[in-house]
Amino acid sequence: MLSAIHAQIIVPLSDEKWTISSPALNQTVPGYLPSHVHLDLLKAGVIGGYYRLNEFEQRWVGDSNWTYTSGPIDGLNEGAESTWLVFDGLDTYTTVLLCGKQVASTDNQFRQYYFDVSDILRNCTDTPVLSLNFGSAPAIVDKIAEGYDWIELPLSFNFELPNRWYMRKEQSDFGWDWGPGFAPAGPWKPAYLVQFNSPERIYVLNTDLDICRKGQINHMPPDQNQPWVVNASIDFLGSIPPGPSMSIEITEAETGLVLTSEALCNVTVSEGSITGVTVLDGVQPKLWWPHGLGSQPLYQLSITIYGGKQSQSIACITKRVGFRTIFLNQRSITEDQISQGIAPGGNWHFEVNGHEFYVKGSNLIPPDAFWPRVTEDKMARLFDAAIEANQNMLRIWSSGSYLPDFMYDLADERGLLLWSEFQFSDAVYPVHQEFLDNVAGEVAYNVRRVNHHPSLALWSGGNEIEGFILLLVNFTNPKEHPRYVGEYEALYINLIMPLVYENSRSISYIPSSATNGYLDIDLSASIPMVERYNNTTFGHYYGDTEYYSYDSRIAFNFSAYPVGRFAVEFGHHSMPSLQTWKQALDPSDLHFNSSVVMLRNHHYPPSDRNTSNFRNSSIGMGELTMAVERYYPVPNKRDPVANFSAWCHATQLFQADMDKSQIQFYRRGSGMPERQLGTLYWQLEDIWQAPTWAGIEYDGRWKVLHYVARDIYKPIIVSPFWNTTSGALDIYVISDLWEPVTGTVRLTWLNLRGNGIPQNAGSPTSIPFNVGSLNATRIYSTDISSLNLADPQDSILLISLESNGHLPNMKESSSLTHENHFTPVIPKDLKLVDPGLELSHDAVSGTFTVQATSGVSLYTWLDYPAGLVGYFTENAFVLAPGQKKEIEFVVQVESGSDDWRDDVTVQSLWNQTLQD
């Protein structure tokens, strides 16, 4: 397929016929572009996919060198002025040959490469053939590592394959504690041959659109009264005539109505880029807001470049944009804030369009080990699931990959903010000049590429670099600490931070995902950001927090949770469902400690590719086992597969309860001295079928966690907090609305057969409340010992909230409700009764109705059969006898069968106690 635009010939290399070969393979098989070697071998039937222990059995693929060879490339113009090869992504160590001549070598998965091959083509005697030779990343980095002095740290930074930090490749390709280490290779993004048939024509490589308020700078709050500014910078191949000009036109994406047309000023051309700027005086676009805070109006912004004596258009680029400011406030707490009861220290919260708001979300990992098969449909379903769960932000974790543009587009449409990170994680990285130059190209390309998206919320230098690396160095080798601090600052502050500021005035930057913030920023200083590190004061709060504890004894102990301004990571692992396990396992593998299940559990990772991981894996599996045994009825079903399924479900109950406990605690912090304004739990989704921290399984099935997160992320919630040591029980109303809210909380004590406890156990039945904006208030306090509970093991408190409030940027008030519950003993110690659950389906409305008839149903769980993907509008809830719930099932991927509704089931915690 040839495309002629402005005297160009553009040949998409995906249209060519490719083959792949390797000395490790005794045959040649068809290849594709974009693709990975594993995917092409899978398509050819040479290897299997995620099946059983293929991760280990297919190590030979990642350990081998591979060659992609094109067929003869026809249709090129032999008389072209120039010809270029453009690669949007090569993974990772690649030697490129054209007509048998070496063009170049690459060593960075995250960069766009372009090479002038004009001379090679002119001297090519046959029809051109392109060869892409991919070296084995594990073998190459092992060789690179021989020349380095790397400090050993007391954590498993080698998750499976060693030495990942020496390469600019997706770090989790070498394994992580939630995913496999396939170490894929291949042309993972599109590629093109571009020819120019006349001078003064261009091919657009990349576009940087920066929309900000006049005078805005990354680390300062923007003035919302200033006009909007559009900075446009286009990276190109080819040449532009002298004296070029640029203009923009902005139209409403939905209606096509023109907002404004402007000529750009200060147009300059330098080093393959053309740049211009304009101030949109008097232009008032509709503001873009995150989900739950307003609407997401989008605009088409077209940039036209003119050149030549006739001022002809030589390029026109259109991007979809939104108008918003997003700012991470890390400034010192003011005296005014202190007077409001906020503890001193440093702020750490996000502000959108000048408004602080509560961040509710999770962490996104790579949705697949092989990015070329990550489809827009799959990501749309995943982002829809996040929105359905009342989330407004995802943290795009490193070290996966920089997200493709279509994922930012999806987030723009949904109002899903994306905290984005550079691809560095849990390691000390090299800082020699060649490495830094390579990183500089990677950073500039990706910052410029996605800067126009209103969903872009933040740039972070990397994952867990500040705390998990610098502090560990100080503990393990304090003499070397100054050296590693200097290297940290060389990469994340002296290199990356200025590149962000040079290419964007609209996005804040932090050097590390978990950080205590900065002491000072001076862009003219030799070190432009002076970090706080551990220069903290008792009673002051700084930065964001992480928390992981696998000691289930303290899982629900609030005093163990960190107190800070923002929670960026926390969570616990669990098993996927039986339906998901069946996608990857043999029937013989379906028991809790089968060798396949054990080895697909990467918590804890082996740290050595030559060591069997049964020992480390058994520790992680033991954590799951002990958590279930400590808090929930232990499954003991006669049927081994049913028992395996019950165990999987039980681990999900623990995961959901532990994450819920923390989310409630952190949200309560919005009304505490720490003024806590954000939670991002670990993690949103799975990369494969295995025990992980995910709330959504690999094929899109929601775990218990995602339903619970959906509930506890509602705009206003009521939450019990029980101090198991003192017996104190407090109930709080927590709101993230932007105005005060009044309403009523109802308390109902029942025994487990659903009968009311006399005198409501001494508690009031109804409590009015008034909670401030973005705040929490305690509405009730008691002590368990003072309540009139004849048998705490036969008691449950049902808590319900009703209120009316204005959602942000909404004129009309909304009815807001929430339900919660509390039991004065842990679930396994309850005297459970059969709730007599009944499930029916209305063929006309499509709804399911669930009713408890003989007892309280705890953890009421609707499940659907394998073969389709979707979610229930409510799940994992409590039902009192006589209470009915009507629930819909939203189908995201059809099963191909209309009778799947007949196989929908319902169960409760009671079912976990049954042998059959």
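For clarity, every value in this text was computed on a predicted model and none was experimentally measured.
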### Message
Tell me whether the NZ or CZ atom of Arg324 lies within the 45° cone about the ring axis of Trp289 and under 6.0 Å from its centre.
### Response
no
### Query
Does Arg168 make a cation-pi contact with Phe424 (under 6.0 Å, within 45 degrees of the axis)?
yes
Is it the case that the side chains of [Y] and [X] hold a donor-acceptor pair, with the cut-off being a distance below 3.5 Å and no angle test?
X      : Y      : value
Ser398 : Asn463 : no
Asn503 : Arg448 : yes
Glu442 : Asn446 : no
His349 : Tyr358 : no
Thr275 : Ser233 : yes
Thr83  : Gln195 : yes
Asn225 : Arg213 : no
Tyr488 : Glu531 : yes
Glu356 : Asn347 : no
Gln216 : Ser506 : no
Gln112 : Asp88  : yes
Thr94  : Tyr113 : no

### Task
Start with the C-alpha distance between Tyr402 and Glu421, add both sets of side-chain angles, then the distance that settles side chain to side chain donor-acceptor pair (under 3.5 Å), and finish with yes or no.
CA-CA 8 Å; Tyr402 302 95; Glu421 299 195 337; over 6 Å; no
Between the side chain of [X] and the main-chain N/O of [Y], is any donor-acceptor distance below 3.5 Å?
X      : Y      : answer
Thr304 : Ser247 : no
Thr251 : Val258 : no
Lys169 : Pro184 : yes
Asn266 : Val277 : no
Ser401 : Leu403 : no
Arg565 : Tyr541 : yes
Gln171 : Arg164 : yes
Trp288 : Asp412 : yes
Thr207 : Asp235 : no
Thr515 : Gly517 : yes

Heavy-atom pair with the smallest gap, counting every atom of [X] and [Y]:
X      : Y      : result
Phe174 : Val141 : CE2-CG2, 3.6 Å
Ala514 : Asp544 : CA-OD1, 3.4 Å
Leu436 : Leu495 : O-CD2, 3.6 Å

#### Entry: Short N-O contact, Arg532 and Glu466, less than 4.0 angstrom
no
### Message
Less than 6.0 angstrom separating the ring centers of Tyr166 and Tyr148, yes or no?
### Response
yes
### Task
Applying side-chain contact (heavy atoms from CB on, under 4.5 Å), run through Leu523 and Ile217 and close with a yes or a no.
CA-CA 11 Å; Leu523 300 180; Ile217 189 168; 3.7 Å; yes
### Query
Counting heavy atoms not belonging to Tyr114, are there more than 12 under 6.0 Å from its OH?
no
### Query
For Lys286, does the NZ atom sit with more than 12 other heavy atoms under 6.0 Å from it, leaving out its own atoms?
no
## Note on the structure
Only one of Ser460, Ser420, Ser362, Ser513 passes side chain to side chain donor-acceptor pair (under 3.5 Å) with Arg395, and that residue is Ser513
### Message
Angle between ring planes, Phe566 versus Trp419, binned at 30° and 60°: parallel, tilted or perpendicular?
### Response
tilted
### Message
Using 30° and 60° as the class boundaries, would you call the ring planes of Phe323 and Trp228 parallel, tilted or perpendicular?
### Response
perpendicular
Is any side-chain heavy atom of [X] closer than 4.5 Å to a side-chain heavy atom of [Y]?
X      : Y      : answer
Val230 : Thr278 : yes
Leu90  : Gln109 : no
Asn451 : Leu209 : no
Leu205 : Val86  : yes
Pro222 : Phe327 : yes
Val568 : Glu546 : yes
Thr679 : Val359 : no
Thr92  : Thr106 : no

### Message
Could you go through Asn438 and Arg111, starting from their C-alpha distance and side-chain angles, then the distance that decides it, and tell me whether this counts as side-chain contact (heavy atoms from CB on, under 4.5 Å)?
### Response
CA-CA 9 Å; Asn438 197 2; Arg111 292 183 64 177; 3.2 Å; yes
### Query
Can you check side chain to side chain donor-acceptor pair (under 3.5 Å) on Asn363 and Gln683, steps first, answer last?
CA-CA 5 Å; Asn363 287 260; Gln683 63 204 54; over 6 Å; no
### Summary
Which of Tyr533, Trp348, Tyr542 passes side chain to side chain contact (heavy atoms under 4.5 Å, CB included) with Asn516? It is Tyr542
### Message
Would Phe115 and Trp84 count as a side-chain contact (heavy atoms from CB on, under 4.5 Å) here? Give the steps.
### Response
CA-CA 5 Å; Phe115 307 111; Trp84 295 78; 5.6 Å; no
### Of Trp397, Tyr429, Trp459, the residue whose pairing with Phe422 passes ring-ring contact (aromatic ring centres under 6.0 Å, His included)
Trp459
### Message
Does His219 form a side chain to side chain donor-acceptor pair (under 3.5 Å) with Tyr501? I'd like the steps, not just the answer.
### Response
CA-CA 10 Å; His219 59 276; Tyr501 276 54; 2.9 Å; yes
### Task
Apply side-chain contact (heavy atoms from CB on, under 4.5 Å) to Val443 and Phe110, showing your working.
CA-CA 9 Å; Val443 168; Phe110 310 120; over 6 Å; no
### Task
Evaluate side chain to side chain donor-acceptor pair (under 3.5 Å) for Ser508 paired with Asn218, printing each intermediate quantity in order.
CA-CA 5 Å; Ser508 301; Asn218 311 62; over 6 Å; no
